[in-house]
Protein chains: 2
Amino acid sequence: MKTRILYNRIAVLREERGISRKELAEKIGVNFQTVGYLERCEYNPSLDLAFKISEYFNLPIEFIFSTKPMKHMSQEILELKTAKDR
Amino acid sequence: MKTRILYNRIAVLREERGISRKELAEKIGVNFQTVGYLERCEYNPSLDLAFKISEYFNLPIEFIFSTKPMKHMSQEILELKTAKDR
DNA sequence: ATATATTGTTGTAATATTACAATAAATATA
DNA sequence: TATATTTATTGTAATATTACAACAATATAT
């Protein structure tokens, strides 16, 4: 199957939690370099690994990964706030 | 990474739509035998393939795939209906 | 009953993912 | 500055996924 590039928010989410790739890698049970590959979108995770990341951040897979480039979370917040008072 | 078994509802969802593995395979762009492997949980899909299946059925990945054995949809409906009148 | 389509199974090959090592570059911290 | 930590990059090997072929078993339809 010709694999599409998938986009993700791993780097920002990791930053929010203030943890290093090494720490995240340990939590989800992969090599720390694998986290690097994922953050740079050099390859896609398996569904199993996506679930582990989703469980660690306690966020749905669709919030972390997307087939289309992701909006910045900051932007998304502002849009949601604006939508509220219409 | 030691891969966990992931469970899925592909067979029932496909049945609901009344389509064969071959048809589903064509829609999501994989070999029809790959659908068989997935339905029998003989291996997990890539995240990319999970997204394609999710897009085809128009359902979130978490509704189709799970790390724990899935409740039957029939059962889930009844529980939701019961929860409503408490 | 006999075609036809669908599913299950086995095996091999190609591609994608993950692991791991080694080293350089960049960042933070003492 | 010097030291330690984190990140980036490259290369090789192991494992997992997908493709594909071939055939048997079931089910559907004519």
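Residue numbering restarts at 1 for every chain, and letters A, B, ... go by the order of the sequence lines. Given the structure is predicted, the values throughout are model-derived calculations rather than measurements.
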I want to confirm an ordering. Mapping A/Leu49 and B/Arg40 to their closest nucleotides on DNA chain C, which one lands closer to the 5' end?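 The residue mapped nearer the 5' terminus is B/Arg40.
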May I ask you to check whether over 12 heavy atoms, not counting those of A/Glu15, lie within 6.0 Å of atom CD?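 Incorrect, the count does not exceed 12.
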With a cut-off of 6.0 Å (strictly less than), are more than 12 heavy atoms of other residues, nucleotides or ligands near CD of B/Glu42?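 Count over threshold, so yes.
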Without swapping roles, check the side chain of [X] against the backbone of [Y] for a donor-acceptor pair under 3.5 Å.
| X | Y | result |
| --- | --- | --- |
| B/Asn44 | A/Leu47 | no |
| A/Ser54 | A/Leu59 | yes |
| B/Arg9 | B/Ile64 | no |
| B/Asp48 | A/Thr3 | no |

Nearest-Å distance, [atom1] ([X]) to [atom2] ([N])?
| X | N | atom1 | atom2 | answer |
| --- | --- | --- | --- | --- |
| A/Leu47 | C/dT18 | CG | C1' | 16 Å |
| A/Glu23 | D/dT7 | CD | P | 9 Å |
| A/Asn8 | C/dT17 | CG | P | 13 Å |
| A/Glu39 | D/dT6 | CD | P | 13 Å |
| B/Glu26 | C/dA5 | CD | C1' | 13 Å |
| B/Leu6 | C/dT17 | CG | P | 16 Å |
| B/Lys52 | C/dA16 | NZ | P | 11 Å |
| B/Arg4 | D/dA16 | CZ | C1' | 15 Å |

Can you list the other members of the hydrophobic cluster that holds B/Ile5, where links are side-chain heavy atoms under 4.5 angstrom apart?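 Noted: B/Ile5 shares its cluster with B/Tyr7, B/Met70.
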Taking the side chain of B/Ser20 as heavy atoms from C-beta outward, which of C/dT18, C/dT6, D/dT18 is closest to it?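 Nucleotide nearest to B/Ser20's side chain: C/dT6.
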Of the candidate nucleotides C/dT9, D/dT17, C/dT18, which contains the atom at the shortest distance from the side chain of B/Thr3?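 When the side chain of B/Thr3 is considered, D/dT17 is the closest of C/dT9, D/dT17, C/dT18.
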Does A/Phe32 share a hydrophobic cluster with A/Leu24, counting links as ILVMFWY side-chain heavy atoms below 4.5 Å and allowing steps through other members?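 Shared cluster, no.
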Protein heavy-atom contacts under 4.0 Å, written 5' to 3' over nucleotides 25-30 of chain D as B (base), S (sugar-phosphate only) or - (none), form the string ------
Base versus backbone protein contacts along nucleotides 19-30 of chain C [heavy-atom cut-off under 4.0 Å; B, S, -]: SBBB--------
Does A/Asn44 make a side-chain N or O approach to OP1 or OP2 of C/dA16 shorter than 4.0 Å?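 Negative; the distance criterion is not met.
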Can we say B/Glu23 and B/Arg17 salt-bridge, meaning some charged N sits less than 4.0 Å from an Asp/Glu carboxylate O?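 No.
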